[in-house]
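Residue numbers begin at 1 in each chain, while the letters A, B, ... track the order of the sequences. Keep in mind it's a predicted model, so treat the numbers as computed, not measured.
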Amino acid sequence: MTTTEPIELRAMKIVQLLEDTYPESRSTLIASNPFELLIATILSAQSTDAQVNKVTAYLFQKYRTVESFATVAIRQLESDIFTVGYYRQKARYIQKTCQMLIHNFSGKVPRTMKELLSLHGVGRKTANIVLTRAFGAVEGIAVDTHVFRICRRLELSLGQTPDKVEQDLMKILPQENWGIVNRLFITFGRNICKARNPSCDICPILSLCPFEKLDT
DNA sequence: AACTCGGGGCA
DNA sequence: TGCCCAGAGTT
């Protein structure tokens with residue numbers, strides 16, 4: 001790699017190459033149903049897509065309104081989502097959030113970071129995903145373990161905390177790219193730039209990466 | 001800052 | 001088997 005190249009230019013090339021590698025990342029950026037996306041995202045913490053998809057398919061067939069989630073017996077909701085991790089907390093999060101949607105937001109998913117964060121069980125990452133994918137209104141970049149690790153390896157940010165890494169990324173990348181960076185990096189992080197034994201031999205951005213396959 | 005919830009993936 | 005994971009609330 002060339003070390004004199006401005007970091008903004010290298011970051012732009014990285015995003016471009018990852019978009020080429022994962023073309024589906026663009027087409028599915030905007031979700032059709034904000035409420036279902038919100039529930040699916042709450043369910044997705046520490047769980048696989050397969051687990052979440054199975055549960056949501058059943059859930060949205062059984063419960064068709066925000067009110068039905070808000071009023072069902074909590075034990076029933078727990079058993080309906082039994083196959084995902086943290087199912088007891090998530091059942092409470094979902095019910096409380098739906099009650100708050102009805103009480104505070106006329107039954108609609110709010111469109112600002114502040115309002116989303118006021119929902120019980122909705123934190124910064126969930127709010128970011130909903131803002132990005134449901135409304136295309138990005139207010140930041142959710143830095144999870146994948147984004148954090150990849151940013152260090154690519155030397156896009158050597159920040160010690162997720163907040164610091166997010167600040168660096170927001171300076172480096174144009175705002176129009178913020179929404180897609182998460183999905184690109186996470187897909188890339190799961191498939192290639194893994195925490196251990198990264199597949200550098202098949203990496204599409206190897207030429208832009210200073211990482212020497214050391215274990216950090 | 002550390003702890004807790006929890007089933008599934010992976011070595 | 002043991003370790004880790006697209007997280008958030010509580011203490």
remark   = Across all chains, not counting sequence neighbours, the ring pair (Phe, Tyr, Trp, His ring centres under 6.0 Å) partners of F82(A) are Y87(A)
key: Atom pair distance, as rounded to whole Å: CZ in R196(A) and C1' in dG9(B)   = 12 Å
request  = Could I get the full list of side chain to side chain contact (heavy atoms under 4.5 Å, CB included) partners for D80(A), not counting sequence neighbours?
outcome  = Y58(A), L59(A), K62(A), Y63(A), Q76(A)
message = Any side-chain to backbone donor/acceptor pair from S47(A) onto A45(A)? Under 3.5 Å, distance only.
response = yes
key: Residues in contact with DNA chain B, drawn from residues 162-171 of chain A - heavy-atom cutoff 4.0 Å   = none
inquiry  = If I compare all heavy atoms of R153(A) with all of C193(A), which pair ends up nearest, and what's the gap?
reply    = NH1-SG, 3.3 Å
ask   = With distance as the sole test, does R190(A) use its side chain to make a donor-acceptor pair with the main-chain N or O of H146(A) at under 3.5 Å?
value = no
query = Counting distance only, does the side-chain N/O of T97(A) pair as donor-acceptor with the main-chain N or O of I94(A) below 3.5 Å?
reply = no
query = Taking the C1' atom of each, how far is dA6(C) from dA1(B), in whole Å?
reply = 23 Å
Scan nucleotides 4-7 of chain B against the protein and return all N/O pairs shorter than 3.5 Å with their distances rounded to 0.1 Å.
| unit_1 | atom_1 | unit_2 | atom_2 | d |
| --- | --- | --- | --- | --- |
| dC5(B) | O4' | Q89(A) | NE2 | 2.8 |
| dC5(B) | O3' | Q89(A) | OE1 | 2.5 |
| dC5(B) | O3' | Q89(A) | NE2 | 3.0 |
| dC5(B) | O2 | Q89(A) | NE2 | 2.9 |
| dC5(B) | N3 | Y86(A) | OH | 3.3 |
| dC5(B) | N4 | Y86(A) | OH | 3.4 |
| dG6(B) | OP1 | Y87(A) | N | 3.4 |
| dG6(B) | OP1 | R88(A) | N | 2.7 |
| dG6(B) | OP1 | Q89(A) | N | 3.3 |
| dG6(B) | OP1 | Q89(A) | OE1 | 2.2 |
| dG6(B) | OP2 | R88(A) | NE | 2.8 |
| dG6(B) | OP2 | R88(A) | NH2 | 2.9 |
| dG6(B) | O4' | Y86(A) | N | 3.0 |
| dG6(B) | O6 | Y86(A) | OH | 2.1 |
| dG6(B) | N1 | Y86(A) | OH | 3.1 |
| dG6(B) | N2 | Q46(A) | O | 2.3 |
| dG7(B) | N2 | Q46(A) | O | 3.2 |

Distance, rounded to the nearest Å, where I150(A) contributes CD1 and dA6(C) contributes P = 10 Å
request  = Check every strand shown and say whether I42(A) touches a base, only sugar-phosphate, or nothing at a heavy-atom separation below 4.0 Å.
outcome  = nothing
task = Calculate the interatomic distance between K54(A) atom NZ and dG9(B) atom P; express it in whole Å.
result = 11 Å
message = From CG of L43(A) over to C1' of dA8(C), roughly how many Å is that when rounded to an integer?
response = 14 Å
inquiry  = Checking the side chain of K194(A) only, and the main-chain atoms of S199(A) only, is there a donor and an acceptor separated by less than 3.5 Å?
reply    = no
ask   = Can you tell which of dA8(C), dC4(C), dA6(C) lies closest to the side chain of R190(A)?
value = dA6(C)
message = Taking any heavy-atom pair under 4.0 Å as a contact, classify L119(A): base, sugar-phosphate, or nothing.
response = sugar-phosphate
inquiry  = Using whole Å, what does the distance between atom C1' of nucleotide dG7(C) and atom CD1 of I186(A) come to?
reply    = 12 Å
ask   = Does E139(A) offer a backbone N or O that forms a donor-acceptor pair with the side chain of W178(A) under 3.5 Å?
value = no
query = Looking at CE of M113(A) and CG of L131(A), how far apart are the two atoms once the value is rounded to the nearest 0.5 Å?
reply = 5.5 Å
Residues from residues 141-148 of chain A lying under 4.0 Å of DNA chain C - heavy atoms = D144(A), T145(A), H146(A)
task = Specify the separation, in whole Å, of atom CE of M100(A) and atom C1' of dA8(C).
result = 14 Å
request  = Answer yes if L208(A) and I180(A) sit in the same cluster of Ile, Leu, Val, Met, Phe, Trp and Tyr residues linked by side chain heavy atoms under 4.5 Å apart, and no otherwise.
outcome  = yes
message = For A142(A), is there any backbone N or O sitting under 3.5 Å from a side-chain donor or acceptor partner on K125(A)?
response = no
key: Whole-Å gap separating C1' (dA6(C)) and CG (D49(A))   = 8 Å
query = Nearest to the side chain of H120(A) - dT10(C), dA8(C), dA6(C)?
reply = dT10(C)
query = How far does the P atom of dT11(C) sit from the matching atom of dG6(B), given to the nearest Å?
reply = 16 Å
ask   = To the nearest Å, how far apart are N191(A) CG and dA6(C) P?
value = 11 Å
ask   = What residues, two or more places apart in sequence or in another chain, satisfy salt bridge (charged side-chain N to carboxylate O under 4.0 Å, His left out) together with K13(A)?
value = E5(A)
